[in-house]
Number of protein chains: 2
Amino acid sequence: MSVAPSRLRPTSSLHVTVREEILKRISNGTYQPDAPIPSTAMLGEEFGVSLITIKRALRDLQAAGMIVSVAGKGTYVKKQTRILRKLDMTAPSFEGTTMQLLSVTREKIADPVMLTFSPPREAMLCVRKTIFIDDMPFLYDSTYLSADVADEIVDEFSERLVTEALRRHNILVTNTDLIIDAAPATGQVEDVFGIPTGYPILRRFYKFSTDTADISIYGVLQAPFDRLSCSVSFPARNGRASRPGASSVGSSKHRA
Amino acid sequence: MSVAPSRLRPTSSLHVTVREEILKRISNGTYQPDAPIPSTAMLGEEFGVSLITIKRALRDLQAAGMIVSVAGKGTYVKKQTRILRKLDMTAPSFEGTTMQLLSVTREKIADPVMLTFSPPREAMLCVRKTIFIDDMPFLYDSTYLSADVADEIVDEFSERLVTEALRRHNILVTNTDLIIDAAPATGQVEDVFGIPTGYPILRRFYKFSTDTADISIYGVLQAPFDRLSCSVSFPARNGRASRPGASSVGSSKHRA
DNA sequence: GAGTGGTCTAGACCACCCT
DNA sequence: GGGTGGTCTAGACCACTCC
């Protein structure tokens, strides 16, 4: 948007033109955050296009996280608030952090990304929970534990962050492996965050190796793209390296 | 999909049922990678639903990166090949890496995420390029340089990776700041990768500080979610930390 | 009950590809 | 020319919210 506007002519299809016009109105403040935009009927009349074309444009804007439609009420401009977190900061405990246990099951790890950690192939204990910040769902966590050692600390995992739970049991994390990727929302994450299918998600797969034999923790943290991003720093790549993750980029919120 | 199938009844709408059925056929091999699936007309007949319902389902599958539709030809199952890269590994130079310069412009940095690096507010030199691996576009790079110092090395930047160009000029990187996030594809990235609007993108914002005064490099690397993911490791979080980024997760390809 | 968004349908035109 | 996907239309039903 900031690049190559190319607003010479309606570049292509009708619904794109409509979408970009609405986007423009959001950018320039014609449509205010948290306020409803005109109904599909009104927009259809204004633009002189059919309803489904309007709806198509709105659907795309929803997929881009710009608006939220509530059936029976209206369509609202989404207020953008994103949290920036340090990657190495595994136990941040922001103020206002709460969590809600969703399920505890026995499952084999099937996710192809997580399999690159070469986890045990047996069924493991799987704890799923939602992490809220200021009563807004920000993270969806799936933690996998070796089934045999987990019984005594499973309660801990359902109320605390993984790293916090480990620390409380005096288990030392010797190594943290992370894989970060993006993915379209599917299944349970859609419900947890109330987002449409295909909505971009930031995923952080983790493997915590510990000094205690047989205890390795695997899992994924997932967040909608507009809620969370993460930062790292690598000081002095040549010569002697120092503490990883010490960042000059502070943890903060910013408008996107 | 691997979680909570809940296939008791058609959970919800028709297009969802159709989508999941097609997804199932892709999973179980009924529809093979790189092979065309039946036309919308045939699918519509088979499922006994209207064409636009089929098209809706296919559009969602496209947004999820499962299929590719080519107008006038057909719809194909996408072969999943993803590259895993280490985060700290800024100059990998894989075999088969080529790049194509797209533009060199003077621009102010406007992206709100990049502004968290607090870059200079003046117009900077902006070099945009596409990075190919095995003739497939994998990365879209936008690099911002201080306009005054860049003239002599701008050619370098258009043919090489940022870090390589710096090394060739004996400029030492003293600090690397990264911000990783996900975002829906918009504008130029859609064209570069041939992906639809809203397609999940993995973004890696970077800031390279150097030992040479006044030279800091800012930029973004963007890749479709199904092409690239990245890994880091943090050994020994307590006590003395050692080399950052030394990873037990190898660089490799895997099927998703 | 009026208004909203979500879904579904039947039918149409176009641009494109392949034969 | 026949097949494909992409777009657009008009019209309909539903579930929901708000008054």
Side-chain angles (χ1 to χ4, degrees), chain A residues 9-22 26 31 34-78 185 190-191 194-199, chain B residues 9-22 26 31 34-78 185 190-191 194-199:
Chain A
R9 253 177 304 172
T11 318
S12 39
S13 36
L14 253 185
H15 73 264
V16 173
T17 314
V18 173
R19 186 216 304 157
E20 301 203 325
E21 175 58 26
I22 296 176
I26 294 175
Y31 299 152
D34 286 333
I37 71 175
S39 72
T40 53
M42 294 180 66
L43 288 172
E45 195 178 352
E46 181 193 340
F47 287 107
V49 300
S50 101
L51 281 194
I52 87 151
T53 303
I54 296 291
K55 289 177 176 180
R56 166 67 189 273
L58 293 185
R59 245 174 47 82
D60 288 345
L61 286 171
Q62 244 184 105
M66 298 305 301
I67 60 176
V68 185
S69 292
V70 185
K73 287 189 67 178
T75 303
Y76 299 83
V77 177
K78 213 166 170 181
E190 300 174 22
D191 306 330
I195 52 180
T197 310
Y199 199 79
Chain B
R9 252 177 305 173
T11 316
S12 41
S13 37
L14 253 185
H15 73 263
V16 172
T17 314
V18 172
R19 185 217 303 158
E20 301 203 326
E21 175 59 25
I22 295 176
I26 294 175
Y31 299 151
D34 287 331
I37 72 174
S39 70
T40 52
M42 293 180 65
L43 288 171
E45 196 177 352
E46 181 192 339
F47 287 106
V49 300
S50 102
L51 281 194
I52 88 152
T53 302
I54 296 291
K55 290 176 177 181
R56 165 67 189 274
L58 293 185
R59 243 173 48 82
D60 288 344
L61 285 172
Q62 243 184 106
M66 297 304 301
I67 59 176
V68 184
S69 291
V70 184
K73 288 189 67 179
T75 303
Y76 300 82
V77 177
K78 214 165 168 181
E190 300 174 21
D191 305 330
I195 52 180
T197 309
Y199 200 80

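- For Pro38(B), the side chain to side chain contact (heavy atoms under 4.5 Å, CB included) partners at least two apart in sequence or on another chain are Tyr31(B), Met42(B), Leu43(B).
- Atom P of nucleotide dG5(D) and atom CG of Leu58(B) are separated by 8 Å, given to the nearest angstrom.
- For Val49(B), the side chain to side chain contact (heavy atoms under 4.5 Å, CB included) criterion is met by Leu14(B), Val18(B), Phe47(B), Thr53(B), Ile54(B), not counting sequence neighbours.
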Pairs under 3.5 angstrom, nitrogen or oxygen only, protein versus nucleotides 13-19 of chain C, please.
{"from": "dC17(C)", "atom 1": "O4'", "to": "Gly72(B)", "atom 2": "O", "distance (Å)": "3.4"}

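- By the 4.5 Å heavy-atom criterion applied to side chains, Ile67(A) and Ile26(A) are counted as neighbours.
- Atoms CD1 (Ile22(A)) and P (dG5(C)) sit 11 Å apart, rounded to a whole Å.
- Of the inter-residue distances, the one linking Met66(B) atom CE with Ile22(B) atom CD1 reads 11.0 Å to the nearest 0.5 angstrom.
- Judged as a salt bridge (charged side-chain N to carboxylate O under 4.0 Å, His left out), not a single pair has a partner in residues 35-44 of chain B (not counting sequence neighbours).
- To the nearest angstrom, P of dA10(D) lies 11 Å from CG of Leu14(A).
- A close approach under 4.0 Å does not occur between any side-chain nitrogen or oxygen of Ser69(A) and OP1 or OP2 of dG5(C).
- Residue Ser50(A) has no polar side-chain atom (N or O) positioned under 4.0 Å from OP1 or OP2 of dC8(D).
- Between Thr40(B) and the phosphate of dG5(D), there is a side-chain N or O to OP1/OP2 separation shorter than 4.0 Å.
- Of all the residues in residues 59-67 of chain A, not one reaches under 4.0 Å from DNA chain D with any non-hydrogen atom.
- The phosphate of dT7(C) has neither OP1 nor OP2 within less than 4.0 Å of any side-chain N or O from Thr53(B).
- At the heavy-atom level, Ile52(A) lies under 4.0 Å from base atoms of the strands shown.
- Atom P of nucleotide dG3(D) and atom CG of Leu51(B) are separated by 14 Å, given to the nearest angstrom.
- One atom, CZ of Phe47(B), and another, C1' of dT9(C), lie 18 Å apart when rounded to the nearest Å.
- Sorted by first then second residue, the side chain to side chain donor-acceptor pair (under 3.5 Å) pairs that include residues 56-69 of chain B, not counting sequence neighbours, are His15(B)-Arg56(B), Arg56(B)-Asp60(B), Gln62(B)-Ser69(B), Ser69(B)-Thr75(B).
- Listed by first then second residue, pairs satisfying side chain to side chain donor-acceptor pair (under 3.5 Å) with a partner in residues 39-51 of chain A read Arg25(A)-Glu46(A), not counting sequence neighbours.
- Residue Thr75(B) places at least one side-chain N or O under 4.0 Å from the OP1 or OP2 atom of dG5(D).
- To the nearest 0.5 Å, atom OH of residue Tyr76(B) and atom CD1 of residue Ile37(B) are 10.5 Å apart.
- The CG-C1' distance, from Leu43(B) to dG3(D), rounds to 14 Å in whole Å.
- Here Lys73(B) pairs with nothing under the salt bridge (charged side-chain N to carboxylate O under 4.0 Å, His left out) rule; sequence neighbours left out.
- Arg56(A) places its CZ atom 8 Å from the C1' atom of dG6(D), with the value rounded to the nearest Å.
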